[in-house]
Amino acid sequence: MTTRDPRAPGLARLAGLIGDETRAACLLALLDGRAWTAGELARHAGVAASTLSEHLSRLVAGGLLAEERQGRHRYVRLADARVAQLVEDLAAQVAPGAAERPRTLRAASAGSAMARGRTCYDHLAGRLGIAVTDALTERGLLRQDTGFALTDAGVEWFGRMGIALERTGRRPLARGCLDWTERRPHLAGVAGAALCRHVLEVGWCVRVGSERAVAVTACGEREFFAVLGVSVEGVR
């Protein structure tokens, strides 16, 4: 007689948590790395606040979200980078043509901006993320042939750029994250997060609107080309 894998019940519960359109919409929205109020998520998901509250309670209880309260406001965020990776990896499996077509020009513009460049939890994604990943690889700073790994030269490059790589916890220094618009992996992990944080702090990129989209500034256009040979023309 075959013994059932003891992980099966837990996997089924996890799939059940994610397998609801409202909860999936919340998880995808929270990939921007920010904490959202319950009211903001309710409006985003198009449901009543009372309905959304029940969904959030399930996600918190299931370990996918962390919450904190400030006064009368309830804030939630993704529990950690592991959850962000799970959500992004699952989203990348959705067929490119499966998404609903934008109904308005504003929605179409927002979608185009997300495809050009965005944050994926705490690292760069979209065409910008792919261009940066390719540039790091072409310069021998990142290896992709045996899984994602920074080379010694890559670690030195981050040091010269003044980008600290804090190797605490179990998060890998570098890993590939499948980009759901480009269908190719971009750089994630500690290095991906540190690089994204750096380009936002020094003004190479700025956030656009209320979504995850980012745009390269004039300063960033010069610096990306100077340090990595990345042409912004390729990510427009």
Side-chain angles (χ1 to χ4, degrees), residues 28 31-34 81 84-85 87-89 91-92 96 108-167 171-236:
L28 288 168
L31 277 175
D32 67 358
R34 297 184 299 124
Q85 177 182 344
V87 174
E88 187 74 12
D89 287 350
S109 297
S112 296
M114 288 274 283
R116 286 194 297 272
R118 64 182 182 277
T119 55
C120 171
Y121 187 55
D122 61 0
H123 53 271
L124 295 173
R127 292 200 292 276
L128 175 60
I130 293 296
V132 170
T133 299
D134 286 348
L136 290 169
T137 303
E138 290 166 3
R139 283 157 178 73
L141 309 177
L142 175 71
R143 292 189 60 178
Q144 297 189 44
D145 54 346
T146 56
F148 269 54
L150 286 186
T151 63
D152 290 341
V155 173
E156 293 175 1
W157 181 85
F158 272 84
R160 289 197 305 273
M161 293 292 297
I163 304 175
L165 298 174
E166 300 179 4
R167 307 186 208 187
R171 193 176 191 186
L173 183 59
R175 74 168 183 85
C177 178
L178 183 60
D179 196 292
W180 62 267
T181 54
E182 298 302 302
R183 323 309 282 184
R184 295 175 53 204
H186 55 245
L187 175 64
V190 171
L195 182 57
C196 179
R197 185 166 55 249
H198 176 77
V199 301
L200 289 170
E201 287 177 350
V202 300
W204 295 7
C205 291
V206 292
R207 295 189 181 277
V208 179
S210 60
E211 298 289 342
R212 292 187 281 144
V214 298
V216 179
T217 64
C219 169
E221 185 172 352
R222 293 190 300 270
E223 294 300 325
F224 273 121
F225 187 79
V227 302
L228 286 173
V230 173
S231 172
V232 177
E233 292 294 330
V235 299
R236 285 177 178 164

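In this text, all values refer to a predicted model and were calculated from it rather than measured experimentally. Count residues from 1 along the sequence.
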So how far is it from L136 CG to F148 CZ, rounded to the nearest 0.5 Å? 9.5 Å

Measure across C120 and A125 and return the closest heavy-atom pair with its distance rounded to 0.1 Å. CB-CB, 3.8 Å

Closest non-hydrogen contact found for Y121 with A84 is CG-CB, 3.3 Å

When rounded to the nearest 0.5 angstrom, what distance separates CG in L141 from CZ in F158? 8.0 Å

For D122, which residues count as a side chain to side chain contact (heavy atoms under 4.5 Å, CB included) partner, sequence neighbours excluded? R171, A193

Got a salt bridge between R184 and D134, using NZ or NE/NH1/NH2 to carboxylate O under 4.0 Å? yes

Of all heavy-atom pairs linking C205 and F224, the shortest is SG-CE1, 3.9 Å

Quick check for you: to the nearest 0.5 Å, what is the distance between Q85 atom CD and H123 atom NE2? 8.5 Å

For D152, does the CG atom sit with more than 12 other heavy atoms under 6.0 Å from it, leaving out its own atoms? no

Has R139 got more than 12 heavy atoms of other residues, nucleotides or ligands less than 6.0 Å from its CZ? yes

Closest non-hydrogen contact found for L187 with T133 is N-OG1, 2.9 Å

Please round to the nearest 0.5 Å and tell me the distance separating atom CZ of R118 and atom SG of C196. 11.5 Å

With no hydrogens and no angle check, is any side-chain donor or acceptor of T217 less than 3.5 Å from a backbone partner on W204? yes

Are side-chain heavy atoms of W157 and L142 found at a separation under 4.5 Å? no

Distance col, row T137:OG1 vs Q144:CD, nearest 0.5 angstrom, shows 3.5 Å

D179 side chain vs G126 backbone, donor-acceptor pair below 3.5 Å: yes

Polar side-chain atom of R212 near backbone of T119 as donor-acceptor pair, under 3.5 Å: yes

What are the two closest non-hydrogen atoms of L150 and A174, and how far apart are they? N-CB, 4.1 Å

So which atom in L124 and which in L128 form the shortest heavy-atom distance, rounded to 0.1 Å? CD2-CD2, 4.4 Å

